[in-house]
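The next block holds one structure in the form of structure tokens; read it before the comments.
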Amino acid sequence: MTSSSRSLPFIVVLALALSGCTGPSEPTPPPSPSPSTTAEATPTPTPTLVDCPDILSADGNAKLAADGLEPRDPRVVDPFAVRLVDAGGVACTWVKAQTDLVLTVVQLPVPDSEWNAWETALLEADFVDSTGSGTLFTGPIEVGSGVSPVVVASGDRITFLNTPAFADLLAPHTI
């Protein structure tokens, strides 16, 4: 055997050994996005949820307190109000101890693109546009209380109240 044929296996083993000794190659950074891919359409702002005390005006909260109504865990039974809660609305209840006086309010922020669907849902739930302006809807009379719930659709929110008697207590952004 010639010396070149004996050195061939040595060269192959040396090449393999040396290829394993070089550290891992540095990862290549991802290419920078071009300006056209980074520009996005400005999203329509989604109205934010509010806390229960913020649904009512300061005067409204003071009136409830003066009348002895205290916050309680919400109990939502009206089907339209339940639908608002299921869509992410905030439910609030105030109760006067040892009476049947209860105020339940559910408020849902509604983007402009969803107003028509909610107005259709109101009409399907037998609410009637009481003012002709699409801002106050009166619901069917509740059998147990004889009172009709109302829905105030104004600004960027829909607000359900189990009784119209407290509609004037809503915070200005909802009226």
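As the structure is a computational prediction, the values presented were derived from the model and not from experiment.
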Q: Could you grab the distance from atom CD of Glu142 to atom OG1 of Thr163, nearest 0.5 Å is fine?
A: 9.5 Å
Q: Inspect the contact between Lys63 and Asp59 and indicate whether a charged nitrogen and a carboxylate oxygen are less than 4.0 angstrom apart.
A: no
(Q) Can you give me the closest heavy-atom contact between Thr93 and Pro74, atom names plus distance? (A) OG1-CA, 3.1 Å
Q: For the pair Ile158 and Trp115, evaluate side-chain contact (heavy atoms from CB on, under 4.5 Å) and give the outcome as yes or no after the intermediate values.
A: CA-CA 9 Å; Ile158 293 177; Trp115 274 109; 3.4 Å; yes
Q: State whether the side chain of Asp126 and the backbone N or O of Gly139 hold a donor-acceptor pair below 3.5 Å, judged by distance alone.
A: no
(Q) Quick check: is Val95 connected to Phe166 through a chain of hydrophobic side chains (ILVMFWY, heavy atoms under 4.5 Å apart)? (A) no
**Q.** Gap separating the CG atom of Leu56 from the CG atom of Leu169, nearest 0.5 angstrom
**A.** 6.0 Å
(Q) Can you give me the closest heavy-atom contact between Pro71 and Trp94, atom names plus distance? (A) N-CD1, 3.6 Å
**Q.** CG/Asn116: more than 12 non-hydrogen atoms of other groups inside 6.0 Å
**A.** no
Q.
side chain to side chain donor-acceptor pair (under 3.5 Å) for Thr135 and Ser154? Distances and angles first, verdict last.
A. CA-CA 6 Å; Thr135 58; Ser154 181; over 6 Å; no
Q) Do Cys92 and Ile55 come close enough that some side-chain heavy atom pair is under 4.5 Å? A) yes
Q. Given the rule in the side-chain contact (heavy atoms from CB on, under 4.5 Å) test, do Val152 and Leu170 qualify, once you have shown the distances and angles that lead to the verdict?
A. CA-CA 9 Å; Val152 177; Leu170 294 174; 3.8 Å; yes
Q: Report yes if some heavy atom in the side chain of Ile141 is under 4.5 Å from a heavy atom in the side chain of Val147; otherwise report no.
A: no
Q: Measure the spacing between CG of Leu108 and CG of Asp156 and express it to the nearest 0.5 Å.
A: 10.0 Å
**Q.** Least distance between heavy atoms, Cys52 atom then Ala91 atom
**A.** SG-O, 3.7 Å
Q. Which class fits the ring pair Trp118 and Phe80: parallel under 30°, tilted 30 to 60°, perpendicular over 60°?
A. perpendicular
Q: Run the numbers on Val151 and Thr159 for side-chain contact (heavy atoms from CB on, under 4.5 Å), then give the verdict.
A: CA-CA 5 Å; Val151 171; Thr159 307; over 6 Å; no
Q. Do Val106 and Val90 come close enough that some side-chain heavy atom pair is under 4.5 Å?
A. no
Q. At what distance, to the nearest 0.5 angstrom, does OG1 of Thr104 lie from CG of Asp78?
A. 9.5 Å
(Q) Could you report the tightest heavy-atom contact between Asp168 and Ala165, atom names first, then the distance? (A) OD1-O, 3.5 Å
Q: Walk me through it: do Val77 and Val82 pass the test side-chain contact (heavy atoms from CB on, under 4.5 Å)?
A: CA-CA 7 Å; Val77 294; Val82 169; 5.9 Å; no
Q) Can you tell me how far the CG atom of Leu69 sits from the NZ atom of Lys96, to the nearest 0.5 Å? A) 7.0 Å
Q: Answer yes or no: does atom CZ of Arg72 have more than 12 heavy-atom neighbours from other residues, nucleotides or ligands under 6.0 Å?
A: yes
Q. Between atom CZ of Phe137 and atom OG of Ser148, what is the distance when rounded to the nearest 0.5 Å?
A. 14.5 Å
Q: Could you tell me which non-hydrogen atom of Pro149 sits nearest to which non-hydrogen atom of Pro140, and how far apart they are?
A: CD-O, 3.2 Å
Q.
I'd like to know if the side chain of Asp51 reaches the main chain of Asp54, judged simply by a donor and an acceptor atom lying under 3.5 Å from each other, with no hydrogens or angles considered.
A. no
Q. Do the side chains of Leu84 and Val102 join up, straight or via other hydrophobic residues, at under 4.5 Å, putting them in one cluster?
A. no
